[in-house]
Amino acid sequence: MESKNGRTDAEVRSALREIFGRENSRIARKGEVRVRRRGPDGEDQGWYVLGFMRTDQLERKLWREDGSLNRRLAEAMQTSVSGGAVSEVLHSVR
């Protein structure tokens, strides 16, 4: 199935694996996309809801306007315990 922007579910899954790794991303049955956050010391901070399948918001987080993957998102989520760096990365790609 495709989103409004034409990304297929397979493309989204592939992007999640490439950005976060297979063990750090999950798609729930109802389309909720979760990624695992880790603190600066590698400590597991738990699962974070990144968005929902087939939504423009999720696609804007995963891909930049030029179509390339937003690899800085995973880096920001792993180094930011407060999530401030995540907001900064998300706003910088729009």
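This is a predicted model, so every value here is computed, not measured. Note that these values count all heavy atoms, side chains included, but never hydrogens, waters or copies made by symmetry.
In this structure, the side chains of Ile27 and Leu16 come closer than 4.5 Å at one or more pairs of heavy atoms. Looking at heavy atoms from C-beta onward, Arg26 lies out of side-chain contact with Val35 at the 4.5 angstrom threshold. At least one side-chain heavy atom of Leu62 sits under 4.5 Å from a side-chain heavy atom of Val12. Within the 4.5 Å cutoff, no side-chain heavy atoms of Leu69 are placed close to those of Arg64. Side-chain atoms of Tyr48 and Arg36, non-hydrogen and from C-beta on, never get closer than 4.5 Å to each other. For the pair Leu73/Leu50, a side-chain contact is recorded, criterion being any heavy-atom separation below 4.5 Å from C-beta on.
Geometrically, Arg7 engages Trp63 in a cation-pi contact, judged by NZ or CZ lying under 6.0 Å from the ring centre and within 45° of the ring axis.
When all heavy atoms of Phe20 and Ser25 are compared, the pair lying nearest together is CB-CB, 4.3 Å.
Among residue pairs with one or both ends in residues 10-23, those qualifying as salt bridge (charged side-chain N to carboxylate O under 4.0 Å, His left out) are Glu18-Arg71; sequence neighbours excluded.
To the nearest 0.5 Å, atoms CZ (Arg60) and OG1 (Thr55) are separated by 8.0 Å.
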**Request:** Take Arg34 and Glu32 through the salt bridge (Lys or Arg N to Asp or Glu O under 4.0 Å) test and state the conclusion after the steps.
**Result:** CA-CA 6 Å; Arg34 301 175 191 157; Glu32 183 179 77; 2.4 Å; yes

**Request:** Could you give me the CA-CA distance, side-chain angles and deciding distance for Met53 and Asp9, then say whether side-chain contact (heavy atoms from CB on, under 4.5 Å) is met?
**Result:** CA-CA 7 Å; Met53 293 292 288; Asp9 290 358; 3.6 Å; yes

**Message:** Pair Val33, Leu58 - check side-chain contact (heavy atoms from CB on, under 4.5 Å), show working.
**Reply:** CA-CA 9 Å; Val33 176; Leu58 177 64; 3.7 Å; yes

